[in-house]
Amino acid sequence: MEFVVSEVSGVTKAALEGRLDTANVDRVEQSLTASILPLGRHTMIDLTKVTFIASLGIRMLLSLARSLARHKARLVMFGASPHVLEILETTALSDIIPQYASEGEAIAAISS
Amino acid sequence: MEEHEQTQIVTRAGAIDLIRGDRLHCLELSLGEEIERRFVVGPLGVKIGRTAPSDIVIADSEISRAHCMVALLNDELLVSDLNSTNGTFVDGERVTAVRTLPVGSVLQVGNRSFKHEWRTRAEIEQSNDFDRDLHKAAAYVKALLPPPVEEGPIRVKWFYKPSAKLGGDAFGYGPLGEGKSVCYLIDVAGHGTGAAMHAVAIMNQLRQKSLPNTDMARPELVLSTLNELFQMEDHAGLYFTIWYGVYDRETRWLSFASGGHHPAYLVSADGAEFTPLHTRNVIIGAMPAMPFTQASVLVPPGASICLFSDGVFEIVDKDGLQWTIGTFIDLLRDRDAGYLGDPQKIYRAIAARAQPHTLDDDFSFVVATFE
């Protein structure tokens, strides 16, 4: 699991790559959170290259969303593959962290 | 007993003062009858196989009698395959000649995998204490699980196997009063004693069949109350998923709700039809004041419901395929295999197909059959 944090139109973009399974969450959660939270901006998670999300991955995203909310910033996701989308739908995570098909839609939603 | 004796041999080798510095090379077994076992590799090396005189003896039909050798040379571990039938693998690559086993890499033999860790004696002692705590927690969770029901209008069988790090699975079932019966399964996101104890706290609420101002026969109200009681910010960041169903024995209607949980399945008496039972509700504890919905289904005579945790199907198989719940249901459709009559068979089938390091969550499978 790797991630790259950048800025797009004033929004923090975190592009994740690989399996968000238990072992990888243990490995990246602290550094991912430390890369995003101090920026204090609305954030979008790019799931385009994520192949799997385990329950601990869901927990990581939920914790991130809650932490950002304390900074009055929102978290959204985009680009989930059909398999990852199935996991997100089963958990109804998108009721809490909105999910969009593309980066453009995510930016438009988060900036509105 | 045989394995215990062989473990002693390895430990004795480690006890000879031929270890560089304060660190010991360990092979840590993360799948087996024990929650976790650690073998210290001394200068004499260790032979892994299915029978004595191997140093590490593992009863696995996929492992040859003398399968592979792990040697310690210049403070490195070296692996060689001993012409095993199914091969020896390091991080997924087949061992064809003597090769190193770097710290952090995974050695796979048959259906078992060992991680190479380089640990201080203090770490090992601390880890042993932690393992003992995990054992106690696993035993505590298991003690809360109801026994199988072999006779009566609803027969229940199950198989539960905690993962190496102990997850947060738990389940229960039984009469609810007024001709109704309840069945539920929870899965706390996380590992270790914290997740297990959180599961115990939730189970204790459900086992009392009483939640504040809540009709326990209405699944959506049960989930709503649990959501308010177990907000993750108040519980060390832990959330859980749940499937909760209430069956009316007179009308044969099953009311159910899932909170962040994948579907349970209603299986017809002939095992041909699998109907998913799912309502789209958020994870329990993720956000307060969320709405919860329920649904109902008529249960035909002889039908069963299958209820399971995600540890049952979230594996990567030996062909590298990431399984989905659909892949798992396809496996259950094999009526000749008789999986629904013997849940332990399902575990064996999954363990035989999974890359061992991906079978890393609690495995809970419950099947209830209605007369």
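A, B, ... follow the sequence lines: proteins, then strands. Residue 1 opens every chain. Computed from a predicted structure; not experimentally measured.
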I'd like a table of the N/O donor-acceptor pairs between chain B and chain A - cut-off under 3.5 Å, distance only.
from	atom 1	to	atom 2	distance (Å)
B/Ala189	O	A/Arg59	NH1	3.1
B/Gln231	OE1	A/Arg66	NH2	3.0
B/Glu233	OE2	A/Arg66	NH1	3.3
B/Glu233	OE2	A/Arg70	NH1	2.9
B/Tyr239	OH	A/Ser55	O	2.7
B/Arg280	NE	A/Glu89	OE1	3.0
B/Arg280	NH1	A/Asp95	OD1	2.7
B/Arg280	NH1	A/Asp95	OD2	3.1
B/Arg280	NH2	A/Glu89	OE1	3.3
B/Arg280	NH2	A/Glu89	OE2	3.3
B/Arg280	NH2	A/Ser94	OG	3.0
B/Arg280	NH2	A/Asp95	OD1	3.3
B/Gly285	O	A/Arg66	NH2	3.4
B/Ala286	O	A/Arg66	NE	3.1
B/Ala286	O	A/Arg66	NH2	2.4
B/Gln322	OE1	A/Arg19	NH1	2.1

Could you list all the salt bridge (charged side-chain N to carboxylate O under 4.0 Å, His left out) pairs where at least one residue sits in residues 318-327 of chain B, not counting sequence neighbours? none
Best-contacting candidate, B/Met290, B/Met232, B/Met287, against chain A by heavy atom pairs under 4.5 angstrom: B/Met232
For residues 193-203 of chain B, pull every pair meeting salt bridge (charged side-chain N to carboxylate O under 4.0 Å, His left out), keeping only residues two or more places apart or in separate chains. none
Between the CD1 atom in B/Ile315 and the CD1 atom in B/Ile350, the distance rounded to the nearest 0.5 Å is 5.0 Å
To the nearest 0.5 Å, how far apart are CG in B/Leu307 and CG in B/Leu185? 4.5 Å
Just wondering, do B/Val109 and B/Phe114 contact through their side chains at under 4.5 Å, heavy atoms? yes
What part of B/Val188 is in contact with chain A, defined as an atom under 4.5 angstrom from a non-hydrogen atom: side chain, backbone, both or neither? neither
Results of side-chain contact (heavy atoms from CB on, under 4.5 Å) for A/Ala65 - residues two or more places apart only: A/Leu75, A/Ile97
Could you grab the distance from atom CG of B/Leu332 to atom CD1 of B/Ile329, nearest 0.5 Å is fine? 5.0 Å
